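Shown next, in structure tokens, is the structure this report addresses.
By convention in this document, chain letters (A, B, ...) are assigned in the order of the sequence lines, proteins followed by strands, and residues within each chain are numbered from 1. Not measured: the values here are computed from a predicted model.
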Amino acid sequence: KVVGYLCKYVPEEIIYANGALTVRVLGSREPQDVSETHIFGMYCPFCRDCLAQGLQGKYNYLDGLVNALSCIHIRQTYDSWWRNLPLAYHYYMFMPAHVQSRHAQACLVGDMGEFRRSLEEWTGKPITEEGLWRAIQVYDTNRSLLRQLYELRKAPHPPISGAEVMEIVIASQLMDKGEHSRLLAELLQQLPQAGEGVRPAVRLMVLGSENDDTEFLRLVESLDATVVIDDHCCGSRYFWNTVAAADGSANGSPVEALAARYLSRPPCPQKDLVERRRFQHILQLAQDYQVQGVMFTHQKFCDPHEFDFPSLKALLEEQGIPTLMLEFDATLPGGQFRTRLEAFLEMLVLEIV
Amino acid sequence: MSTLARYETRPLECYRKGKELREGYYQRLYQAREQGKVICAGIANRSSVLPASLEGCEPMECSSHLLTIGSNREMATACVEALEARGYQGDFCAGMRVFLGAMFLNRSPWGEFLKPDLVLQVQYCEPLAKTAQVLSEEMSVPYFCLDLPVIVKENRQDFHTRYFVDQMLEAIEWMERVTGRRFSDEALIEGVKNEWRCLELWARICELNKAIPAPLDQRTLFSLSAPVNMMRHRAEAVTFYKEVYDEIQWRVQNGIAAVATERFRLLHEGLQVLYFNQVMRYPQKYGAVFIGSHFDLALGSAFERREDGSWSVMASLEERGVAMRTREDALKAVADFFLINPTFNGFALSWRAEEVVKVAQDWHAQGVVFHMDRGCQGLTAGAAEARLLLQKAGIPSMVYEASYADPRGFAEVQVLDRLDAFLESVGLKPLG
Ligand code: SF4
Ligand code: SF4
């Protein structure tokens with residue numbers, strides 16, 4: 001069985017422990033209007049692009065589709081998908097928005113339990129405790145390998161470009177985790193050790209909502225800059241903390257451990273509702289990776305990120321890190337930003353010199 | 001009666017009392033500081049019983065403030081522009097942009113922006129908790145977030161109720177700690193009983209609007225709903241809604257119409273355009289009347305969805321034998337409303353489209369006008385799917401694009417032209 005998911009707060013390990021392959025639904029960034037009759041044009045291009053892929057039959061191989069509470073935009077993609085496309089199984093899991101609340105863990109453990117029972121009912125196969133621990137082990141291994149890959153980019157001469165790393169992180173969201181870890185472990189052996197890569201003129205961080213546009217990253221990196229770190233939805237936030245590190249299962253229950261991990265992940269804006277934990281995490285990344293400039297790559301109409309943007313921009317600039325805001329619309333190719341990128345990088349190079 | 005009129009009409013007696021209640025709310029709020037009270041703000045929480053049960057605390061339901069600013073074209077424009085000057089984009093929830101802009105401009109319709117002492121925010125739509133976050137940071141006041149499980153009642157489990165009740169229990173301790181004032185369980189229990197009485201009465205009033213002719217048009221229904229969304233914990237709100245119910249029931253029994261020329265009934269889905277509310281009365285030119293919507297009918301009502309998507313009025317607390325002796329009992333009763341009500345369930349989307357069709361059928365609406373509200377992602381979600389189901393049910397619908405609180409770019413002529421074209425397409429002609 002193949003199960004698609006829309007938001008990365010979906011606990012993939014539970015699906016994996018049921019023997020199914022998980023695939024993240026992503027857009028193709030091509031102009032489309034097939035989603036217009038299902039989702040009005042005032043919603044982010046990413047959620048409409050994802051629905052368009054489904055309506056164009058690109059995901060007909062999915063047996064099921066799962067979503068977790070995140071934003072109303074992608075919730076419409078899920079709602080229109082099960083209403084209009086053949087699915088043997090679909091499940092919407094509530095996931096607390098206020099992850100900082102001390103009551104969130106018990107609620108998420110409950111919701112994950114309901115999701116587990118629903119999957120078992122659909123497939124007729126039990127999801128055992130051992131199966132869950134094995135799945136957690138497989139996913140944590142992949143996460144640790146991705147963290148090792150990211151570590152290499154702290155070096156003054158990163159041995160791998162931001163675009164290549166993004167390809168690898170996206171691949172892990174589309175293929176079997178064990179297989180991905182095997183290939184990634186091999187790559188980590190072959191990669192020249194830190195210090196033998198190209199010394200970039202400028203070290204950049206990419207922040208924002210969903211952005212799997214590797215074309216755009218190649219454009220940036222063709223202008224003598226390297227994206228050394230990111231904090232966005234299909235980048236570092238996807239794998240940053242392991243279940244083990246979250247250490248949430250005092251009583252040995254794998255679902256408790258999973259809930260603690262998903263609650264303590266680097267949050268996206270709509271899971272960062274009282275204290276600004278997201279901002280602290282980003283400042284720490286900027287320091288650890290010696291970032292010299294930050295690019296906000298927002299999807300148009302993405303209100304969760306629009307709320308954080310002014311305060312986060314001010315905070316970064318107080319730390320002496322210039323920022324550039326780029327608004328993405330799936331139908332516009334990344335190339336449109338070339339001139340603004342060149343101007344931003346020139347300004348940065350002058351500042352660094 | 002002119003020959004085109006079909007029904008008798010009569011001014012609404014209870015309308016004045018509703019206005020007095022609203023004025024009383026603002027008086028209490030603007031005198032709070034002089035009386036040594038603290039002000040606890042929330043945006044679209046709808047229930048104010050928690051802050052109202054803290055001794056010497058006045059609840060501030062910020063949505064009433066942003067609705068008032070939104071209906072003033074110049075002020076709303078100044079507010080959204082002030083926010084953009086601070087680096088915010090101009091395309092997320094217009095109500096929140098108007099509210100935050102007013103905060104940065106230190107303005108309100110009655111003078112300066114009213115600075116709260118604490119913020120207690122129910123979270124069910126992304127802009128709400130994020131706006132409360134910015135408000136509490138700018139005003140440097142403490143902020144507690146009550147995260148509402150966004151689920152449909154079929155999937156409701158005990159741990160969802162527990163999650164919301166436990167947060168409210170913590171919020172009460174937090175309010176006492178940050179203000180140094182005592183929370184009164186007696187006030188809470190009494191307040192929650194009043195809330196449920198208002199919710200039940202308002203649901204019955206909304207049901208009366210199924211009558212042909214409709215005793216209330218949607219604009220009047222929206223104004224009468226203010227007390228149930230601002231002060232339903234107060235006894236005077238219960239008295240008010242008893243009077244409203246009696247008057248509307250009398251109107252139904254005597255065939256008194258909101259609009260004498262009613263020939264065609266419409267739903268207006270999506271928030272009303274605050275700064276140009278002529279949209280709501282424009283169809284009357286054809287004898288067409290807006291009589292309600294999913295949001296306006298469900299928001300302050302004790303409605304529960306049946307299997308087929310239609311709504312029934314929930315039995316009262318007493319009839320349901322709900323114990324109301326302790327703080328926990330009262331908070332469970334509050335949680336029951338939020339976890340069953342179709343408006344809050346609606347944010348999970350799974351039933352919203354079906355319910356719009358059922359509302360149209362049960363309230364005998366022959367057409368639906370959708371406001372594609374760029375300024376409200378929360379309630380506009382699912383509208384496109386609702387249109388597809390309406391089409392299958394043979395109910396015509398149209399869409400106009402605007403923003404309920406950001407006047408900029410509002411194409412008045414285009415919107416009215418689209419209404420004309422739609423009303424003529426369903427066979428109506430402008431009346432004499
Ligand atoms: S890009 Fe923003 S609005 Fe779109 S699905 Fe992601 S968080 Fe939601
Ligand atoms: S429901 Fe609409 S108006 Fe209310 S907070 Fe959500 S987006 Fe804003």
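Between chain B and the residues A:T37, A:L69, A:D111, A:I39, the largest count of heavy-atom pairs under 4.5 Å involves A:D111. Residue with the most contacts toward chain A among B:C145, B:A129, B:G382: B:C145 (heavy-atom pairs, distance under 4.5 Å). Of the listed residues B:K130, B:M372, B:Q123, B:R162, the one with more heavy-atom pairs under 4.5 angstrom with chain A than any other is B:K130.
Using the six-membered ring where Trp is involved, B:F104 and B:Y88 have ring planes that are tilted, between 30° and 60° apart.
Here the two rings, on B:Y400 and B:H268, have centers that are under 6.0 Å apart. Taking the six-membered ring for Trp, A:F328 and A:H298 have ring centres at least 6.0 Å apart.
Within the 4.5 angstrom heavy-atom criterion, atoms from both the backbone and the side chain of B:A353 approach chain A. Looking at B:D373, the atoms closer than 4.5 Å to chain A (heavy atoms on both sides) all sit in the backbone: N, CA, C or O. At a 4.5 Å heavy-atom cutoff, the contact between B:A348 and chain A is made by backbone and side-chain atoms alike. Heavy-atom distances place no part of B:V152 under 4.5 Å from chain A, backbone and side chain included. If you measure heavy-atom distances from B:T380 to chain A, the contacts under 4.5 Å come from both the backbone and the side chain. In this structure, no portion of B:Q121 lies under 4.5 Å from any heavy atom of chain A. With a 4.5 angstrom heavy-atom cutoff, B:F347 touches chain A via backbone and side-chain atoms both.
Evaluation of the salt bridge (charged side-chain N to carboxylate O under 4.0 Å, His left out) test over residues 116-126 of chain B, restricted to residues two or more places apart or in two chains, returns A:R75-B:E126, B:R33-B:D117.
Judged by distance alone, the side chains of A:H73 and A:D303 do bring a donor and an acceptor atom under 3.5 Å apart.
Every residue two or more places apart in sequence or in another chain that forms a side-chain hydrogen bond (donor to acceptor under 3.5 Å, both in side chains) with B:Y163 is listed here: B:D147.
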